[in-house]
Amino acid sequence: MSQESSAAAGRSPIRWIPSLYFVQGMQFFVVMLIAGLMFKNMGVANDQIARWTGLLGLAWAIKPLWSPFLELARSKKLIVVAMQFTGAAGLGLMALALQLPMWFAASIGVLFVLAYASATHDIACDGLYMAALDAKSQAAYAGWQGAFFNASKFLTLGGLLVLAGHLETRYGVFNAWSIIFVLLAVLLALLAAYNAYALPGTLNTETADISAAGVARTLREVIGDFLRKPGIWLAILFIVLFRFAEGQVQTIGPLFLIEARDKGGLGLSTEQVGGVYGTVGTAAFLVGSILGGYFTSWLSLKRAMPVLILMMAVPNVTFYYLSVSLPQDMFHISAAVAVEMFGYGFGFVGMILYIMQAVAPGKFQTAHYALGSGVMQLGFIFSKTISGDIQVAMGYQSFFLWTIACGVPALVLMFFVKIPGAQAAEAAPAAGDAAPAASR
């Protein structure tokens, strides 16, 4: 048993799993969701927002490349706590960066530090979870893990945006967001201090008997074996195309809600967007994810995949409808966002399970799942990065119509890739365990 497992033996996981995964989600959502909405309110153009936030997301796509080298550290707890305090310092620096003359460049620089610290934290966080718990306990507490990861989404998309909306009207946009980042920095510092006490393991465990050269050899073997899988290049193309439309609409959709009506948007306030996404939007996503998992388990992945791909088009159709009808009442808009997020959650299950069942199996199953997730994130980042330029060139209505067309190639390619059939019913429950990591 590892030292971290031994330390965890007399300590209930409930004491540390909620705080650990709440921090994991909070750092991710601040960089990948909140930053874009903040920049929109500060007058940054959509193409710049999409391009830079897309580059920030690259951290989570390439993290498998350095994850094996973290085994050289004295303990996983040491990395987790260090990255949490680094994140707290970065959030504090964000508050200062927004007050500088070169505030946009300074903010992007700080966000890059936050992104890579958060991605490194994720690796150690998941490693600590697996090292501290046996297989039975890992399954038992997987629900707590996912629940608190998503609870941070309620805080960031709901509470923080609503508070930011109140502060913007009173102190101005830049001062309001500086206050938000100070509050986030204090919250993360407190959570980091608590985790330094509560997490299993000690800060002075001895380095494992491994070398950097050995880790590099294993990494080369893992990647080589991955690229030699039968049909892997077609599978990679399918993964990228599956997320091609999603990356575009999930980037531009929230910006469209804030965009002024005379520019083709819905003209919602920060507070209104926060209220919609933080309540009905997040709830609909969770319900859609759960029902999508049960649906796929019942039907098998092979038979469910066409429905799952079509469900991924629901957000695109919904935003096209909103861009044409331009409704003004919040009930109408909230209902549309609920439909959008339900379809997104329902359909996204298909890609998680495809990577688990069609790409990951083999000698290095866990590592190949991480690589498959990295490819998935790269597809998302590519489409996210180009989405702003396309939207600026086409306008909102034509852009959302374009994203509907972008879903067709994945639907066609589905008939040419190998998709597991009946065994999906047995593997499907594992999707819940991997959901937090896959969502990145």
Side-chain angles (χ1 to χ4, degrees), residues 135-136 138-140 142-143 145-146 150 225-226 229-246 284-317 339-377 379-380 406-440:
K136 183 178 179 181
Q138 288 175 21
Q145 179 196 70
N150 284 292
D225 189 70
F226 180 80
K229 286 176 178 281
I232 188 62
W233 292 107
L234 201 60
I236 289 173
L237 180 61
F238 179 63
I239 292 171
V240 171
L241 291 177
F242 190 96
R243 302 202 74 180
F244 186 57
E246 173 213 344
F285 178 83
L286 293 175
V287 172
S289 298
I290 293 169
L291 292 182
Y294 281 120
F295 174 79
T296 308
S297 177
W298 167 64
L299 204 58
S300 87
L301 181 60
K302 187 177 183 67
R303 287 183 289 175
M305 187 60 84
V307 177
L308 298 174
I309 293 176
L310 289 174
M311 290 298 286
M312 287 294 287
V314 169
N316 313 343
V317 174
V339 171
E340 172 227 339
M341 294 300 285
F342 177 86
Y344 181 29
F346 194 103
F348 191 70
V349 169
M351 186 44 57
I352 297 174
L353 290 174
Y354 177 75
I355 295 173
M356 279 186 180
Q357 297 172 17
V359 176
K363 180 180 178 182
F364 302 104
Q365 182 167 336
T366 301
H368 286 177
Y369 179 80
L371 285 172
S373 298
V375 170
M376 178 179 69
Q377 184 69 1
F380 180 83
C406 287
V408 174
L411 191 62
V412 173
L413 191 60
M414 174 196 68
F415 296 101
F416 298 93
V417 296
K418 181 180 178 182
I419 300 177
Q423 66 267 39
E426 299 175 6
D433 299 356
S439 69
R440 293 185 293 280

List the atom of [X], the atom of [Y], and the distance in Å for their closest heavy-atom pair.
X	Y	value
Ile419	Met305	CD1-CG, 3.9 Å
Gly347	Phe242	O-CZ, 3.6 Å
Leu234	Phe416	CD2-O, 3.2 Å
Phe348	Met376	CZ-SD, 3.9 Å
Phe226	Ile232	O-CG1, 3.5 Å
Thr296	Leu301	CG2-CA, 3.7 Å

Hey, could you give me the [atom1]/[atom2] distance between [X] and [Y], rounded to the nearest 0.5 Å?
X	Y	atom1	atom2	value
Tyr354	Leu308	OH	CG	13.5 Å
Leu241	Met414	CG	CE	13.0 Å
Phe342	Ser289	CZ	OG	9.5 Å
Ser373	Met351	OG	CE	10.5 Å

* **Check against side-chain contact (heavy atoms from CB on, under 4.5 Å), Phe244 and Met312** => CA-CA 10 Å; Phe244 186 57; Met312 287 294 287; over 6 Å; no
* Side chain Ser297, main chain Gly293, donor-acceptor under 3.5 Å -> no
* Asked: Is a side-chain donor or acceptor of Lys229 paired with a backbone partner of Pro361 at a separation under 3.5 angstrom?
  -> yes
* With side-chain contact (heavy atoms from CB on, under 4.5 Å) as the test, would you mind laying out the steps for Glu340 and Val314 before giving the verdict? => CA-CA 6 Å; Glu340 172 227 339; Val314 169; 5.7 Å; no
* **side-chain contact (heavy atoms from CB on, under 4.5 Å) between Val417 and Leu413, intermediate numbers included** => CA-CA 7 Å; Val417 296; Leu413 191 60; 4.2 Å; yes
* Are Tyr344 and Phe285 close enough that their ring centers fall under 6.0 Å? -> yes
* How are the rings of Phe346 and Phe295 set to each other: parallel, tilted or perpendicular (split at 30° and 60°)? -> tilted
* Asked: Does the side-chain contact (heavy atoms from CB on, under 4.5 Å) test come out yes or no for Val240 and Phe380, once each step is laid out?
  -> CA-CA 7 Å; Val240 171; Phe380 180 83; over 6 Å; no
* To do: Find out whether Val359 and Ile236 are in side-chain contact, i.e. whether some heavy atom of one side chain is under 4.5 Å from a heavy atom of the other.
  => no
